[in-house]
Colleague: 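For reference, the structure I am asking about is given below.
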Amino acid sequence: MVRRRFESPEDLETAWEGYKEYCNDQSVLTHDFSSKNSEFVSKELKRSITYTIEGFCVHAKISRAQFYETYANGEQSYADIVTRMREECEIDARAKFELGIIPTQLAGLWMSKHGYSLKTDNQINADITVNLA
């Protein structure tokens with residue numbers, strides 16, 4: 001039997017919550033030129049990064065292949081948490097896209113990971129009978 005990185009579903013859930021906190025609490029040092037003072041000004045800002053299963057695996061020090069093999073394809077209690085994790089990744093990416101945090105140019109790339117497509121179906125099937133009598 002393979003030793004699990006997360007011994008219980010609760011451990012996996014706790015690690016996921018910790019990862020989301022990590023993503024939501026990133027510090028970014030920004031630099032801007034102040035024309036008023038004629039100098040560069042630095043400021044530390046809080047930013048968030050988008051949740052991903054891949055990012056979680058790196059954060060938890062587990063390979064993606066091992067994660068999917070052990071948890072997504074394993075016991076139902078773990079698989080349910082993995083399903084929720086995927087759903088939360090989708091909701092997080094979609095919210096950041098809709099709020100403008102993810103640039104619209106990248107929306108197709110991010111949302112394609114969740115089954116969305118930029119393609120439109122222009123084919124219309126209609127069965128219309130016209131009576132001109």
Colleague: Taking only residues two or more places apart in sequence, or in another chain, which ones meet E7 in a salt bridge (Lys or Arg N to Asp or Glu O under 4.0 Å)?
Modeller: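 Salt bridge (Lys or Arg N to Asp or Glu O under 4.0 Å) check on E7 returns R3.
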Colleague: For Y78, run the ring-ring contact (aromatic ring centres under 6.0 Å, His included) check against W16, Y71, Y68 and tell me which one passes.
Modeller: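 Of all the options given, the one that passes is Y71.
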Colleague: Under 4.0 Å between a Lys/Arg side-chain N and an Asp/Glu carboxylate O for E88 and R84?
Modeller: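 Salt bridge: yes.
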Colleague: So V82 and F67, do their side chains get closer than 4.5 Å, heavy atoms only?
Modeller: yes
Colleague: Does R86 come within less than 4.0 Å of E90, counting only side-chain N to carboxylate O?
Modeller: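 A salt bridge is absent here (no side-chain N lies under 4.0 Å from a carboxylate O).
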Colleague: When rounded to the nearest 0.5 angstrom, what distance separates CG in N73 from CD in E69?
Modeller: 8.0 Å
Colleague: Please report the interatomic distance CD1(I81) to OG(S8), rounded to the nearest 0.5 Å.
Modeller: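 Result: 8.0 Å between the selected atoms.
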Colleague: Taking the side chain as everything from C-beta on, heavy atoms only, tell me whether N24 gets closer than 4.5 Å to Y51.
Modeller: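 Result yes, sub-4.5 Å side-chain heavy-atom pair found.
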Colleague: Are the side chains of Y19 and C23 in touch, meaning some heavy atoms are under 4.5 Å apart?
Modeller: yes
Colleague: Looking at I49, is its backbone amide N or carbonyl O close enough to the side chain of K96 to form a donor-acceptor pair, meaning the two atoms are under 3.5 Å apart?
Modeller: yes
Colleague: Could you note down all residue pairs passing ring-ring contact (aromatic ring centres under 6.0 Å, His included) where residues 85-104 supplies at least one of them, sequence neighbours left out?
Modeller: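 As it turns out, there is no ring-ring contact (aromatic ring centres under 6.0 Å, His included) pair with a partner in residues 85-104 once direct neighbours are skipped.
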Colleague: Taking side-chain hydrogen bond (donor to acceptor under 3.5 Å, both in side chains) as the test, write out the residues that go with Q76, two or more places apart.
Modeller: D80
Colleague: Just verifying a value: how many Å separate R64 CZ and E54 CD, rounded to the nearest 0.5 Å?
Modeller: 4.5 Å
Colleague: Salt-bridged, E75 to R4, with N to O below 4.0 Å?
Modeller: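 A salt bridge links E75 with R4.
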Colleague: Determine, for K46 against D25, whether the closest basic-nitrogen to carboxylate-oxygen distance falls under 4.0 angstrom.
Modeller: yes
Colleague: Within the structure provided, determine whether T14 and F6 are in side-chain contact (heavy-atom separation under 4.5 Å).
Modeller: no
Colleague: Sub-3.5 Å donor-acceptor pair from the side chain of D32 to the main-chain atoms of V41, do we have one?
Modeller: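 No; zero donor-acceptor contacts below 3.5 Å.
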Colleague: Can you check whether R94 reaches D92 side chain to side chain, under 4.5 Å on heavy atoms?
Modeller: no
Colleague: Are K20 and F56 in a cation-pi contact, defined as NZ or CZ under 6.0 Å from the six-membered ring centre and within 45° of the axis?
Modeller: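 Pair K20/F56 does not count as cation-pi.
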Colleague: Can you name the nearest heavy-atom pair linking A79 to A72, along with the distance?
Modeller: CB-O, 3.6 Å
Colleague: Taking all non-hydrogen atoms of both residues, which atom of I53 and which atom of C89 are closest, and how far apart?
Modeller: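 For I53 and C89, the tightest heavy-atom pair comes out as N-SG, 3.9 Å.
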Colleague: Give me the atom names and distance for the closest heavy-atom approach of S63 to C57.
Modeller: O-SG, 4.3 Å
Colleague: Evaluate the side-chain proximity of L12 to E10: yes if any heavy-atom separation is below 4.5 Å, no if none is.
Modeller: no
Colleague: Between the side chain of R5 and the main-chain N/O of K61, is any donor-acceptor distance below 3.5 Å?
Modeller: no
Colleague: Measure the OG-CG distance between S27 and L45 for me, rounded to the nearest 0.5 Å.
Modeller: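 The OG atom of S27 sits 9.0 Å away from the CG atom of L45.
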